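One structure is given here, and the rest of the page talks about it.
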Amino acid sequence: MKRLKHAFYARDAATLARALLGQVLVRVLEDGTRLAGRIIETEAYLGVEDKAAHSYGGRHTPRNAAMWGPAGHAYVYFIYGMHYCVNVVAEGPGRPAAVLLRALEPLEGLERMRAHRAGKIPAERLRPADLCSGPAKLAQALAIDRGLDHADLVEGASLFIERGAPVPPAEIISAPRVGVDYAEEWTRKLLRFRSRGG
DNA sequence: ATGACGATTTACT
DNA sequence: GTAAATCGTCATA
C-alpha cells in the first residue's frame with residue numbers, strides 16, 4: 001500500500017473529507033503492532049468562518065494550534081473530560097481547516113483494538129462494528145491521544161494514511177454535523193460524509 | 001482565580 | 001427518550 005502525500009491533504013476541508021472516505025488510517029504502536037481501518041465517516045471543519053470549527057473567528061490557542069499548521073498533520077484534542085478526537089489538517093498556512101475522523105471499518109489489529117476499548121464494556125459489545133464507530137471510539141481503539149497531536153501523517157512513523165479504494169460520489173451520503181447545535185446556520189450545513197453501506 | 005462548557009459515549013428509564 | 005461521567009481549556013475578571 002502507498003502512503004498519501006502532502007498534496008492529497010492540501011485541499012479545502014470539504015473536498016478532503018470526501019476524498020478520505022475509503023482511505024486506510026494506520027496506527028503503528030510502540031511495539032510495532034499495526035492497527036488499521038478504512039475511513040467510512042468524516043466531518044469537514046472549514047476554518048475561521050465556520051461557527052462550528054475550533055478555529056472560528058480566528059481563534060488560535062494552544063489547543064487548536066495544529067489546525068493552523070501544515071496540511072497532513074494530525075489535530076488531536078481532548079473533550080468532555082474523557083475522550084480524544086482525531087482530525088486531519090487540511091488546506092495550508094493561514095487556513096485553519098481540518099477533517100474529523102468519525103468512524104472506521106476495522107481491518108488490522110482487531111484484537112488489540114478490542115483490548116484498548118475493553119474496560120467495563122462486556123466482550124459481547126466489542127464486535128468489530130463497535131470498535132471504531134465514533135470519533136472517540138476510534139481514537140481509543142487505535143490508542144491515539146494528545147501525544148499524537150501535531151503528528152506528521154506524511155513523514156511520521158506512528159500515524160499515517162494509506163491509499164485505499166476511493167468512494168465514488170454517488171456512494172457518499174451527506175448529512176449535518178453531529179454535536180454542533182450551537183453553531184447556528186452552520187449546524188445545518190451538509191459537511192458530514194459517510195460511505196453508503198458503511 | 002474562577003466558572004461555564006464541550007466536534008462523546010454509555011447506561012438507564 | 002434523558003442524564004451522568006469528568007476535566008482541560010478559555011474567556012472573563
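Because the structure is a prediction, the values reported are computed rather than measured. We name chains A, B, ... by the order of the sequence lines, and we start the count at 1 in each one.
Rounded to whole Å, the distance from CD1 on A:Ile79 to P on C:dA5 is 18 Å. Per the geometry, NZ belonging to A:Lys137 stands 9 Å off C1' belonging to B:dT10, to the nearest Å. Taking atom OH of residue A:Tyr77 and atom P of nucleotide B:dC5, one finds them 18 Å apart after rounding to whole Å. Atom pair A:His54:NE2 and B:dC5:P shows a separation of 15 Å (rounding to whole Å applied). Between the P atom of C:dT6 and the CE atom of A:Met82 lies a distance of 6 Å, rounded to the nearest Å. Per the geometry, OH belonging to A:Tyr75 stands 14 Å off P belonging to B:dG6, to the nearest Å. Rounded to an integer number of Å, the gap from NZ of A:Lys51 to P of B:dG6 is 15 Å.
Between B:dT8 and A:Tyr84, no contact under 4.0 Å exists linking OP1 or OP2 to a side-chain N or O.
A cation-pi arrangement, defined by a distance under 6.0 Å to the six-membered ring centre and an angle within 45 degrees of its axis, is present between A:Arg146 and A:Phe78. Under the 6.0 Å distance and 45° angle rule, A:Arg11 counts as a cation-pi partner of A:Phe8.
Every stem involving DNA chain C, taken as at least 3 paired positions in a row under the Watson-Crick or G-U wobble test at 3.5 Å, is listed here: B:1-6 with C:7-12, B:8-12 with C:1-5.
Note on A:Val178: it does not cluster hydrophobically with A:Leu101, by side-chain heavy-atom contacts below 4.5 Å among ILVMFWY residues.
When each of A:Gln140 and A:Val180 is assigned the nucleotide of DNA chain B bearing its nearest heavy atom, the one mapping closer to the 5' terminus is A:Val180.
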Got a list of protein N/O to nucleotides 9-13 of chain C N/O distances below 3.5 Å?
unit_1, atom_1, unit_2, atom_2, d
C:dT9, OP1, A:Arg146, NH1, 3.3
C:dC10, OP1, A:Thr61, OG1, 2.1

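Looking at A:His54 and A:Tyr75, their side chains do bring a donor and an acceptor atom within 3.5 Å of each other. Side-chain contact check for A:Tyr45 and A:Glu43: at least one donor-acceptor pair (N or O, by modelled atom type) lies under 3.5 Å. Side chains of A:Thr42 and A:Arg102: no donor on one and acceptor on the other come within 3.5 Å. Side-chain contact annotation: A:Thr15 with A:Asp12, donor-acceptor N/O pair under 3.5 Å present.
When heavy atoms are screened at a 4.0 angstrom cut-off, A:Ala52 is found touching base atoms of the nucleic acid.
Judged by distance alone, with hydrogens and angles left aside, the side-chain atoms of A:Thr187 form a donor-acceptor pair with the main-chain N or O of A:Val180 at under 3.5 Å.
Of the residues in residues 85-113 of chain A, not one places a heavy atom less than 4.0 Å from an atom of DNA chain C.
Contact annotation: side chain of A:Tyr80 to base of C:dA5, donor-acceptor pair absent below 3.5 Å.
Look at A:Arg3 and A:Glu162 and you find no salt bridge, because none of the NZ, NE, NH1 or NH2 atoms lies under 4.0 Å from a carboxylate O. Ion pair A:Arg112/A:Asp31 flagged as a salt bridge, since at least one NZ, NE, NH1 or NH2 atom sits closer than 4.0 Å to an Asp/Glu carboxylate oxygen.
Of the inter-residue distances, the one linking A:Cys85 atom SG with A:Gln140 atom CD reads 11.5 Å to the nearest 0.5 angstrom.
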